[in-house]
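One structure below.
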Amino acid sequence: MRVSRLMLVTLRDDPAEAEISSHKLLLRAGYIRRVASGIYAYLPLLWRVLQKISAIVREEMNATGALETLLPQLQPADLWERSGRWAGYTAGEGIMFHLDDRQGRQLGLGPTHEEVITALAADLLRSYRQLPVTLYQIQTKFRDEIRPRFGLMRGREFIMKDAYSFHGDEASLQETYAAMDGAYRRIFRRCGLRAVAVEADSGAIGGSASQEFMVTAEAGEDLILASPDGRYAANQERAVSLPPDPVPLPAGPATALDTPAKSSIEALATAHGLDPSQIVKVLLLLARFADGSVQPLLVSLRGDQQLNEVKLSNAVAARAPQGAGAVLEIAPLDAERCRDWRLDLDLSAIPFGYIGPDLSDGLLTHAGSGLRRSFLRLADPTAAELPRFVCGANAPDRHRLGVSWSDLGETPQVLDLRAAQPGDRCRHDPSQILEAARGIEVGHIFQLGRKYSDALEATFTNDAGFDEALWMGCYGIGVSRLAQAAVEQNHDGDGMRWPVAIAPFEVIVVIANVQESSQRELAEQLYGQLLDAGIEVLLDDRSERAGVKFKDADLIGIPWRLVVGRGAATGQVELVRRADGEKADRPAEAVVAELVERIRQERSGVEFGV
RNA sequence: CGGGAUGUAGCGCAGCUUGGUAGCGCACUUCGUUCGGGACGAAGGGGCCGCAGGUUCGAAUCCUGUCAUCCCGACCA
């Protein structure tokens with residue numbers, strides 16, 4: 001391809017709308033243009049990248065025996081009503097674009113395809129003899145994100161590879177899940193990306209085991225906690241660790257403590273010579289469900305620990321009354337919340353800053369309609385395992401010293417609710433200390449179990465002749481996000497540095513001065529030879545000055561640059577590697593063979609441990 | 001949705017406080033010189049100043065409304 005025919009439009013200044021490097025570079029280098037918030041045109045250079053990524057994904061999926069398919073993007077509402085997700089995905093903060101057709105039927109624009117694929121499976125999969133089977137597609141997804149940002153990182157329209165597997169039993173599901181894990185590691189390695197697999201929360205999709213694949217980059221939206229030995233890595237939402245040992249409280253009888261104006265853990269600890277690990281802090285929160293009801297929560301944590309809201313939300317969801325629906329929001333109880341959620345609560349009766357785990361349900365008796373009349377009482381083990389501790393006395397300016405859980409009556413339900421922190425000891429090996437890194441989630445694999453097959457009555461006949469629900473897995477890769485993550489992980493002050501495996505072109509031949517016929521002729525000759533050798537090559541034949549072409553070549557990030565310039569007359573050319581700027585003069589007659597050999601090796605991707 | 005900011009030429013910005021009919025750099029067109037790291041000179045084209053009302057003799061500038069975009073939180077590939 002000749003650069004003069006490439007419709008290459010590069011920008012010298014960073015566009016004001018972009019914040020992170022990869023987004024700025026995609027715009028500046030002419031890879032994308034914004035059409036609306038979170039909606040982008042993929043220009044020819046990016047489209048080549050996306051096709052290369054897709055080809056790698058396709059090869060690895062096919063290698064696992066998965067079948068490529070293409071499912072509709074317009075999906076009928078009734079399918080989603082059967083899985084129980086229509087309301088949640090369309091009302092309020094729902095992310096599904098939806099519309100009515102001319103007959104007044106409701107349709108949604110697919111944010112994901114569990115419903116469609118499960119309905120198909122119910123239709124097509126009848127016998128255990130057909131199982132297991134995995135279907136996948138590479139297609140545009142639509143999500144009306146609450147806040148689109150960072151270009152392709154969080155778009156409202158994006159390209160995703162999604163795969164769904166169907167099994168007769170859980171062991172088969174686990175086998176395919178492991179095969180997908182392997183395929184994903186190969187995909188990211190072949191794309192030349194440094195990626196890590198981390199344990200993950202399964203979120204709104206549901207299911208049991210789930211693992212995310214993160215491209216490590218400073219601009220990543222997720223926090224990863226990992227052990228240096230490589231044996232443990234998890235999203236912070238899900239991470240577990242050993243908390244520091246608490247400082248024991250000196251023996252003695254339980255006593256009351258006057259603590260005026262000491263409503264924070266820090267103030268209380270400082271004023272009374274306590275360590276935060278000797279205190280139980282109690283958080284008073286409200287959880288709002290899809291049906292509008294509100295559950296008050298009383299969460300006990302050791303004073304030096306932080307709450308993990310994802311763990312809490314999962315715990316609340318698991319304990320939700322029948323029919324309450326999904327947990328929409330968890331927030332501290334305050335005046336603003338009471339007003340917004342129209343709760344008639346007497347806040348002045350609540351001793352904020354002095355709450356103990358045994359705060360009476362009586363405070364809720366006059367509460368408004370949607371509010372449940374008793375607290376859901378939960379405690380993290382760090383708090384529950386303290387034999388004696390300090391806690392609020394449920395009266396202003398009063399705490400209790402040296403109390404135990406038996407003094408407080410009923411013990412709350414105990415489960416892991418604390419946020420693991422960098423610096424914590426690992427559970428698998430206490431000598432390992434968790435380290436933090438940021439990552440961009442580019443893949444996520446789930447063992448869904450039977451959630452969707454139960455809802456959509458997708459059953460098969462087992463070898464004993466009885467019907468049972470299919471076991472399912474689902475597996476996603478953000479293809480367009482992956483392209484941007486590659487830029488985020490591979491760039492410098494001059495521009496992008498594409499790994500050869502996914503670069504839009506592998507080589508750019510730059511004619512330093514197109515006025516010089518010797519340069520033009522040699523460049524054309526090399527260009528032809530590279531094309532013949534099956535190399536994806538650009539020829540910069542524009543009548544620009546050399547400096548402009550070098551800047552553009554660096555910006556668009558082509559891995560190899562072949563400069564035909566002053567040395568052309570004597571048959572010398574310059575070979576430059578974009579990744580590290582290494583330059584070397586080469587005789588023109590030898591350089592094609594050398595490039596072909598190096599590129600052939602690099603096409604398979606970089607060897608990184610995943 | 002809550003909090004913050006910004007809309008002026010394709011891109012980056014000034015002008016707005018103190019109203020007088022729009023400017024700079026890059027990009028684009030033509031000519032000349034230059035030619036290995038975003039050249040120089042000359043000449044040119046391109047703007048319902050986001051949109052709609054209002055105030056005024058007169059609005060990019062003041063007022064009201066509205067729309068859009070970006071940033072911080074909840075969502076996710």
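No experiment lies behind these values; they were computed from the predicted model shown.
Within 4.0 Å (heavy atoms only), A:Val548 reaches at least one base atom of the nucleic acid. Among the protein residues, A:Asp494 comes within range of no part of the nucleic acid, since none of its heavy atoms lies under 4.0 Å from any strand. Among the protein residues, A:Asp162 comes within range of no part of the nucleic acid, since none of its heavy atoms lies under 4.0 Å from any strand. Within 4.0 Å of A:Ala16, counting heavy atoms only, lie sugar-phosphate atoms of the nucleic acid but no base atom. At the heavy-atom level, A:Val510 lies nowhere under 4.0 Å from the strands shown. Within 4.0 Å of A:Lys583, counting heavy atoms only, lies at least one base atom of the nucleic acid. At a threshold of 4.0 angstrom between heavy atoms, the contacts of A:Gly443 are confined to the sugar-phosphate backbone, with no base atom among them. A:Phe150 comes within 4.0 angstrom of the backbone, heavy atoms only, and of no base. No contact: A:Glu212 has no heavy atom under 4.0 Å from any strand. Residue A:Ile159 is out of contact with every strand shown, counting any heavy-atom pair closer than 4.0 Å. Using a 4.0 Å heavy-atom distance criterion, A:Glu17 is classed as a sugar-phosphate-only contact. Here A:Thr10 lies in heavy-atom contact (under 4.0 Å) with a base. Using a 4.0 Å heavy-atom cutoff across all strands shown, A:Gly581 reaches no nucleic acid atom at all. Residue contacts shown for A:Arg34 are limited to sugar-phosphate atoms, with no base heavy atom under 4.0 Å away.
B:G37 and B:C31 have their P atoms separated by 25 Å, with the value rounded to a whole Å. Comparing B:G38 with B:C1, their P atoms are spaced 48 Å from each other, to the whole Å. Remark: the separation of the P atoms in B:G54 and B:A60 is 15 Å, to the nearest Å. For the P atoms, the distance from B:C67 to B:A14 is 26 Å, rounded to whole Å. For the C1' atoms, the distance from B:G45 to B:A27 is 13 Å, rounded to whole Å. Across the C1' atoms, B:U61 and B:U18 are found 10 Å apart, a figure rounded to whole Å. As rounded to the nearest Å, B:U21 and B:A59 have P atoms that lie 12 Å from one another. Taking atom C1' in both B:A9 and B:G15, the straight-line distance is 15 Å, to the nearest Å.
Base pairing annotation: B:A59 forms no Watson-Crick or G-U wobble pair, as no partner gives both donor-acceptor distances under 3.5 Å. The partner of B:U17, taking Watson-Crick or G-U wobble pairs whose two distances both stay under 3.5 Å, does not exist in any strand shown. Remark: B:G36 base-pairs with no nucleotide in the shown strands. Criterion, Watson-Crick or G-U wobble with two distances under 3.5 Å. The nucleotide B:A74 finds no pairing partner, because no Watson-Crick or G-U wobble arrangement with both distances shorter than 3.5 Å includes it. Pair assignment for B:G41: B:C31, on the basis of Watson-Crick or G-U wobble contacts that are both within less than 3.5 Å. Both distances falling under 3.5 Å, in either a Watson-Crick or a G-U wobble arrangement, place B:G7 opposite B:C67.
Side chain of A:Val563, nearest nucleotide from B:C71, B:G37, B:G36: B:G36. Checking B:C75, B:C28, B:G37 against the side-chain heavy atoms of A:Glu544 singles out B:C28 as nearest. The listed nucleotides are B:C70, B:A77, B:G38; the one nearest the side chain of A:Tyr40 is B:C70. The side chain of A:Asp222 has B:C76 as its nearest neighbour among B:U34, B:G38, B:C76. Here the nucleotide nearest the side chain of A:Ala36, chosen from B:U69, B:C1, B:C35, is B:U69.
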Apply side-chain hydrogen bond (donor to acceptor under 3.5 Å, both in side chains) to the pair A:Thr140 and A:Glu157, showing each step before the final yes or no.
CA-CA 6 Å; A:Thr140 297; A:Glu157 184 183 317; 4.7 Å; no
Could you walk me through whether A:Phe213 and A:Asp181 satisfy the side-chain contact (heavy atoms from CB on, under 4.5 Å) test, starting with their C-alpha distance in whole Å, then the side-chain angles of each, then the deciding distance to 0.1 Å, before giving a yes or no?
CA-CA 9 Å; A:Phe213 293 84; A:Asp181 179 21; 3.3 Å; yes
Does A:Arg58 form a side-chain contact (heavy atoms from CB on, under 4.5 Å) with A:Glu68? I'd like the steps, not just the answer.
CA-CA 8 Å; A:Arg58 195 169 272 128; A:Glu68 186 165 6; 2.8 Å; yes
Passes salt bridge (charged side-chain N to carboxylate O under 4.0 Å, His left out), A:Arg190 versus A:Glu59? Steps please.
CA-CA 11 Å; A:Arg190 286 185 57 187; A:Glu59 278 178 32; 2.9 Å; yes
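Among all heavy-atom pairs drawn from A:Pro15 and A:Arg28, the shortest one is CD-CG, 3.8 Å.
Checking A:Asp162, A:Thr69, A:Asn62, A:Thr64 one by one against A:Tyr136, the side chain to side chain donor-acceptor pair (under 3.5 Å) holds for a single residue, A:Asn62.
Where A:Met153 and A:Gly38 meet RNA chain B, the nucleotide closest to each residue was compared, and A:Gly38 sits on the side nearer the 5' end. Nearest-nucleotide positions on RNA chain B place A:Gly567 closer to the 5' end than the other of A:Ala18 and A:Gly567.
A salt bridge does not link A:Arg578 with A:Asp494: every distance from a Lys NZ or Arg NE/NH1/NH2 to an Asp or Glu carboxylate oxygen is 4.0 Å or more. A:Lys549 has no carboxylate O lying under 4.0 Å from a charged side-chain N of A:Glu544, or vice versa, which leaves the two without a salt bridge.
Atom pair A:Tyr164:OH and B:A77:P shows a separation of 10 Å (rounding to whole Å applied). As rounded to whole Å, 10 Å separates atom P of B:C75 from atom CZ of A:Arg154. In this structure, A:Ile511 places its CD1 atom 18 Å from P of B:C35, rounding to the nearest Å.
Between the base of B:G37 and the side chain of A:Asp554 there is a donor-acceptor pair shorter than 3.5 Å. Counting distance only, with no hydrogens placed and no angle test, the side-chain atoms of A:Arg156 and the base atoms of B:C76 include no donor-acceptor pair under 3.5 Å. Donor-acceptor pairing under 3.5 Å, judged by distance alone, is present between the side chain of A:Asp13 and the base of B:G25. One N or O donor and one acceptor, one from the side chain of A:Glu574 and one from the base of B:G36, sit under 3.5 Å apart. In the interface, the side chain of A:Arg143 is not paired with the base of B:C76 through any donor and acceptor atom under 3.5 Å apart. Interface remark: the A:Arg147 side chain does not form any donor-acceptor pair with the B:C71 base, using a distance-only criterion of under 3.5 Å. Counting atom types as modelled, A:Arg545 pairs a side-chain N or O with a base atom of B:U34 as donor and acceptor under 3.5 Å. Side-chain atoms of A:Arg28 stay outside donor-acceptor range of the base of B:G10, with no qualifying N/O pair under 3.5 Å.
The phosphate of B:C75 has neither OP1 nor OP2 within less than 4.0 Å of any side-chain N or O from A:Arg149. OP1 or OP2 of B:C70 lies within a sub-4.0 Å distance of a side-chain N or O belonging to A:Ser37. Remark: A:Arg12 is in phosphate contact with B:A27, judged by side-chain N or O atoms under 4.0 Å from OP1 or OP2.
In this structure, A:Tyr475 and A:Tyr177 have tilted ring planes: the angle between them lies in the 30° to 60° band.
Lacking a ring centre under 5.5 Å from that of the base six-membered ring together with a plane angle below 30°, A:Phe550 does not count as stacked on B:G36.
Residues A:Val573 and A:Val509 form no side-chain contact, since every pair of their non-hydrogen atoms from C-beta on lies 4.5 Å or further apart.
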